[in-house]
**Student:** 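If you scroll down you'll find the structure; I have some questions about it.
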Amino acid sequence: MRQTVKALKPMIEGFIETNGELSLKRTLKSGQAFRWRLTNDGTDWVGVVRNTHVVQLTQQPDGKHIHYRVLNGHEDNDHNQEIKPTVKGRKRLKTSDESDGENPKDQYFYSQLISDYLRLDVNLTDLYDKWSKSDDKFAAIAVNMSGVRVLRQNFAETLFSFICSSNNNINRIEKMIETLCQKYGKVLYESHPELGTIHSFPEITRLAEESVEPELKKLGFGYRSAFIHRSAKTICDEYKCPEKWSQELAQMPYSEARQALQRLPGVGPKVADCIALMALNHLESVPVDVHVFKIAQHMYLPHLKKNKSLTHKSYQEIGDFFRSKFGPNAGWAQAVLFCADLKQFKQ
DNA sequence: CAGGTC
DNA sequence: TCTGG
């Protein structure tokens, strides 16, 4: 019964093996996702996976496992019909009164969900080795920058998050996205002791409503207010089913997807590349921001030092250089170098 | 000046 | 160019 499930507040948790190939801090707090928060005196990360599941992740002392806990129930969960709240203790054995197969099935579902989000299927050791062999500079940086992963994120959240990112800093981007979720998202989890009520990211159809632009202006979104509303409206008008469109963009060749994305207001080359890399599985996409521009100038392409700012031509040149150096997953290599360049990860 | 875009 | 440090 649904009421029973709600009342019992199912607690699903377990461990996922990472083979030492995941740094939660470097992955969740390196500016690709903006909604993960450190809680419990700096030990646990809390965020939203697949825009439905409020998940708490903890890096284990052995460095080779993460513990996960799904904090919210199963309202609006269309993946499973009914899940019995059988998991309480860690690695608890099944008791005789529990029906066979239910508990492992749930754990499998959630560990798969989280592993998919973190792209744990990708062997990061192999990638780091390959990139280090083809570039000494990368190798020198990578030894102190292990476990940087490119997340597999939602399309809509990535799109509107990076529209907000233009000419902006990470702190303010996080605040703006939180505002979007609180104002237009649905409640996923109520009254977290440190984070308060946790909301989903808004539906595109919600952001397409006429009232959104003036409301966002009032909330301090500046010129991004119009970009957000007009992009949402364009998607709803032209593509009807946003989910289907994102699947089509993922199927297209990278350059075509990039071109299609740039038809949206507020989406230029850099934002389009972020979406392609983080939400459409186009791992050859190399978003070139000021950080990557400086990295390219100092480490690889010294002739660009004469350029004061990024031009269309130098943008293309840097992306092509990364792809020629690091291959089909160049965007991921860029993410590692970018992470190393952020203030918070220096030394 | 901050992870650009029109 | 919006806006906050």
Side-chain angles (χ1 to χ4, degrees), chain A residues 25-36 141 145 148-151 153 157-180 183 207 212-235 258-279 282 285-300 304 307-319 322 330-346:
Chain A
K25 189 184 177 190
R26 291 179 190 141
T27 300
L28 302 178
K29 209 64 182 177
S30 56
Q32 51 175 319
F34 299 98
R35 297 194 65 203
W36 287 94
I141 288 168
M145 204 49 61
V148 178
R149 288 189 169 274
V150 173
L151 299 166
Q153 298 198 78
E157 180 166 348
T158 307
L159 165 63
F160 293 105
S161 294
F162 281 95
I163 285 178
C164 291
S165 78
S166 73
N167 204 345
N168 208 347
N169 57 69
I170 292 181
N171 249 320
R172 186 167 165 232
I173 297 167
E174 287 178 349
K175 281 176 188 160
M176 289 165 80
I177 291 164
E178 187 54 36
T179 300
L180 273 184
K183 189 157 180 64
L207 296 176
V212 167
E213 183 180 337
E215 284 168 354
L216 291 182
K217 276 235 168 82
K218 212 178 291 177
L219 289 166
F221 278 60
Y223 60 80
R224 301 172 196 85
S225 311
F227 288 160
I228 290 167
H229 173 251
R230 285 173 52 213
S231 276
K233 203 163 158 46
T234 303
I235 292 171
R258 187 173 186 272
Q259 210 170 0
L261 286 167
Q262 289 192 60
R263 294 182 54 224
L264 298 173
V267 180
K270 194 268 177 181
V271 171
D273 276 340
C274 286
I275 300 164
L277 174 66
M278 298 166 198
H282 290 301
S285 169
V286 179
V288 182
D289 51 47
V290 291
H291 291 276
V292 177
F293 181 49
K294 284 178 193 165
I295 291 169
Q297 283 177 320
H298 292 116
M299 288 173 56
Y300 301 113
L304 291 179
N307 297 35
K308 283 181 182 176
S309 61
L310 204 57
T311 62
H312 178 77
K313 192 182 166 192
S314 55
Y315 189 105
Q316 187 65 37
E317 183 182 350
I318 293 167
F322 271 77
W332 198 316
Q334 169 270 354
V336 176
L337 295 174
F338 175 81
C339 192
D341 198 61
L342 288 178
K343 272 185 209 162
Q344 55 199 126
F345 296 109
K346 295 263 189 187

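Residue numbers begin at 1 in each chain, while the letters A, B, ... track the order of the sequences. What you are looking at is a predicted structure, and each value in this text was computed from that prediction instead of being measured.
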**Student:** If you walk 5' to 3' along DNA chain B, what is the first nucleotide with an atom under 4.0 Å of a heavy atom in chain A, and what is the last?
**Tutor:**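 Nucleotide range in contact with chain A: B/dA2 to B/dC6.
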
**Student:** Just call it for A/I173: base, sugar-phosphate, or nothing, with non-hydrogen atoms closer than 4.0 Å on any strand.
**Tutor:**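 The residue A/I173 makes no contact with any strand.
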
**Student:** So, the side chain of A/S231 versus the backbone of A/I228: is there a donor-acceptor pair under 3.5 Å, distance only?
**Tutor:**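 Judged by distance alone, no pair lies under 3.5 Å.
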
**Student:** Within this structure, what is the CG-CG distance for the pair A/L207 and A/L216, rounded to the nearest 0.5 Å?
**Tutor:**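 It is 7.5 Å, given to the nearest 0.5 Å.
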
**Student:** Any donor-acceptor pair under 3.5 Å linking the side chain of A/S161 with the backbone of A/E157?
**Tutor:**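 Yes; at least one donor-acceptor contact below 3.5 Å.
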
**Student:** Ignoring hydrogens and geometry, is there a side-chain-to-backbone donor-acceptor pair from A/T234 to A/L264 under 3.5 Å?
**Tutor:**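 Answer holds: no.
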
**Student:** Quick check: A/F338 with A/F345 (ring centres under 6.0 Å apart)?
**Tutor:**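 No, the ring of A/F345 stays outside the 6.0 Å limit from the ring of A/F338, centre to centre.
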
**Student:** Classify the nucleic acid contact of A/S309 as base, sugar-phosphate or nothing, counting any heavy atom under 4.0 Å across all strands shown.
**Tutor:**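 Answer is nothing: A/S309 stays at 4.0 Å or more from every strand.
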
**Student:** Can you pull out the residues from residues 333-341 of chain A that lie within a 4.0 Å heavy-atom distance of DNA chain B?
**Tutor:**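 Result for residues 333-341 of chain A: A/F338, sorted by number.
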
**Student:** Classify A/L219 by what it touches in the nucleic acid, base, sugar-phosphate, or nothing, heavy-atom distance under 4.0 Å.
**Tutor:**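 The answer is nothing, as A/L219 stays clear of every strand by at least 4.0 Å.
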
**Student:** Quick one: label A/V288 by what it contacts on the DNA or RNA (base, sugar-phosphate, nothing), any heavy atom closer than 4.0 Å.
**Tutor:**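 Answer is nothing: A/V288 stays at 4.0 Å or more from every strand.
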
**Student:** Would you mind classifying the nucleic acid contact of A/K294 as base, sugar-phosphate or nothing, using non-hydrogen atoms under 4.0 angstrom?
**Tutor:**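 Result for A/K294 = sugar-phosphate.
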
**Student:** Contact class for A/V267 (heavy atom, under 4.0 Å): base, sugar-phosphate, or nothing?
**Tutor:**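 Sugar-phosphate: the residue A/V267, judged by heavy atoms under 4.0 Å, touches backbone atoms but no base.
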
**Student:** What is the nucleic acid contact for A/G31, judged by heavy atoms within less than 4.0 Å: base, sugar-phosphate only, or nothing?
**Tutor:**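 Contact class for A/G31: base.
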
**Student:** In the strands shown, is C/dT3 matched to any nucleotide by a Watson-Crick or G-U wobble pair with both distances under 3.5 Å, and which?
**Tutor:**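 Paired with B/dA2.
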
**Student:** Test side chain to side chain contact (heavy atoms under 4.5 Å, CB included) on A/Y300 and A/I295; report intermediate values, then the result.
**Tutor:** CA-CA 7 Å; A/Y300 301 113; A/I295 291 169; 4.3 Å; yes

**Student:** Just by distance, do the side chain of A/Q334 and the backbone of A/F322 share a donor-acceptor pair under 3.5 Å?
**Tutor:**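 Not at all, since once roles are kept as given, no pair shorter than 3.5 Å links the two residues.
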
**Student:** With side chain to side chain contact (heavy atoms under 4.5 Å, CB included) as the criterion, how do A/V292 and A/D341 come out once you've worked through the C-alpha distance, each side chain's angles and the decisive distance to 0.1 Å?
**Tutor:** CA-CA 8 Å; A/V292 177; A/D341 198 61; over 6 Å; no

**Student:** Any donor-acceptor pair under 3.5 Å linking the side chain of A/R224 with the backbone of A/S166?
**Tutor:**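 The answer is yes, because a donor-acceptor pair under 3.5 Å joins these two groups.
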
**Student:** Checking the side chain of A/S285 only, and the main-chain atoms of A/D273 only, is there a donor and an acceptor separated by less than 3.5 Å?
**Tutor:**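 Here the side-chain-to-backbone pair exists.
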
**Student:** Would you grab the first and last nucleotide of DNA chain C (5' to 3') that comes under 4.0 Å of any non-hydrogen atom in chain A?
**Tutor:**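 Contact boundaries, 5' end first: C/dT1 to C/dT3.
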
**Student:** Between A/W332 and A/V148 (side chain of the first, backbone of the second, donor and acceptor by atom type, cut-off under 3.5 Å), is there such a pair?
**Tutor:**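 Yes.
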
**Student:** I want to confirm an ordering. Mapping A/K175 and A/F221 to their closest nucleotides on DNA chain C, which one lands closer to the 5' end?
**Tutor:**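 It is A/F221, whose closest nucleotide lies nearer the 5' terminus.
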
**Student:** Hey, which sits more toward the 5' end of DNA chain B by its nearest nucleotide, A/I170 or A/P265?
**Tutor:**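 So the residue in question is A/I170.
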
